[in-house]
Amino acid sequence: MVDFRPARPEDVEQILELVNYVFRTSSGLEPTMGRQFPTFICVENAPNLYVAVDDGRIVAHIGIKKNTAVVYGHKVSMANMGAVCTHPDYQGRGIGTRLLHEVFRSLGEEGIGLVSISGTRGLYKRNSCVEIGEAFTFVLEKGKFSCENFEGIRYHISEDADRADVLFDIYKREPVRYQRTKREFPMLLEAVPMVHPPVPALTAAVAFAEENVGLAYLIGYERKPGAFKVVEYAGERMVVVWLIDKLLHDREMEQVILEVPAYDRGLVSILNSAGLNGVSSYYPGTTLRIVNKESLWKEIYPIIEEAWDEGVLPSSLAELPNRVVDDAAKLAEFLFTGFNRPSYGQPWDQVFPLPLPWPNGLNYI
Ligand SMILES: CC(C)(COP(=O)(O)OP(=O)(O)OC[C@H]1O[C@@H](n2cnc3c(N)ncnc32)[C@H](O)[C@@H]1OP(=O)(O)O)[C@@H](O)C(=O)NCCC(=O)NCCS
């Protein structure tokens, strides 16, 4: 009989074996899951890793990393879900589905409102998960893009995680972000969670004003020769654009690829006014599931309250339009989906969709 339960510290080794097999070695890649996810698949996070066990053998796994989002200063409790797998010998027997239900139930009971998943499998779509968000992909090319210099601002481009203090200082000022400790920065920079197979190190370009005051950063890697992919940016948007120009020239890159969430209207409009147009799409591979509507409503209410400027504020989920409250997928679409969003009329269209942190940066799972 297959049992479903949270992992124990002593299970982590077996979980790593399973996830390395499914996601890495079975397709000829190095077993890098432990190295790439040091704060996720680890002994400290064992209670948030869920397993299906058959006679002592771990045959399926769903990992959770609790990540609080901070949206315009308001906390939103989120869980990021990843390394979802069933050993091939056990696939197609409903084990993945049962484990998924168990995880959603357990997180909902804990009062976590949202689960974010870096995948788009049918398994999720059949279980009320929806793709959310909208991003613009910009490609900035050497020779076709340049930027005026800022007097007095210096920059530093490096593969060493030695500027973690400054990166932390810049990131914590972001209006939409994850709560991320100072200690996590160097660990995540070294882990390269969002790139597989992992590159040896991520590159960070950091701009400073006087007295080492961090202004902006770009973190990324050379995806193919001459093409630099930004995985995370933060800070003053004009300086973000200026740093791209520096990267193109100092690192002899032909192009820099930058994904900008649509809610970052400042950066999108700076790039547009430089004659650059991004290609609009869903956030690549990000899926969302609401697991506790009431907890979520309580946490997002202050964001709605601030943005509301006419008529009576909705006092409960039941007052949202089209009875979206009755269906977890419709509710997630109404609250968070930007791409191809239908109009719900005013005042809804001026308040929603609400932004959520960029999922493909250092907190990627
Ligand atoms: C995705 C994955 C986790 C699903 O795990 P699983 O245990 O096979 O999941 P389930 O058995 O619950 O569902 C899989 C299929 O079996 C079917 N199924 C479910 N219960 C069944 C049962 N009792 N008998 C027969 N088939 C069943 C489901 O309908 C589903 O079919 P579909 O996907 O064609 O609609 C697994 O295929 C896997 O590890 N894939 C590789 C890793 C991966 O891609 N992970 C996702 C990363 S985002």
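FYI, side chains are in, hydrogens and waters are out, and symmetry mates aren't considered; it's all heavy atoms of this structure. Indexing begins at 1, ligand by ligand and atom by atom, following the structure's order. Here, residue 1 is the first one in the sequence, and each next residue gets the next number. Bear in mind that the values here come from a model prediction, so they are computed numbers and not experimental data.
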Inset, instruction - Using heavy atoms and a cut-off under 4.0 Å, could you grab the residues that are in contact with ligand 1, chain by chain, numbers ascending? - result: Val22, Phe23, Val84, Cys85, Thr86, Gln91, Gly92, Arg93, Gly94, Ile95, Gly96, Thr97, Gly119, Arg121, Tyr124, Arg126
Inset, instruction - Establish, for the pair Arg180 and Tyr171, whether the NZ or CZ atom is under 6.0 angstrom from the six-membered ring centre and no further than 45 degrees off its axis. - result: yes
Inset, instruction - Assess the pair Trp358 and Tyr233: is the distance between their ring centroids shorter than 6.0 Å? - result: no
Legend entry - Within residues 67-109 or reaching into it, pairs that qualify as ring pair (Phe, Tyr, Trp, His ring centres under 6.0 Å) - sequence neighbours excluded: Tyr21-His87
Inset, instruction - Could you tell me whether Asp11 and Arg8 make a salt bridge, using a distance below 4.0 angstrom between a side-chain N and a carboxylate O? - result: no
Legend entry - Cationic tip of Arg341 above Phe334 ring, under 6.0 Å, 45° of axis: yes
Legend entry - SB check Arg105 Glu109 (cutoff 4.0 Å): yes
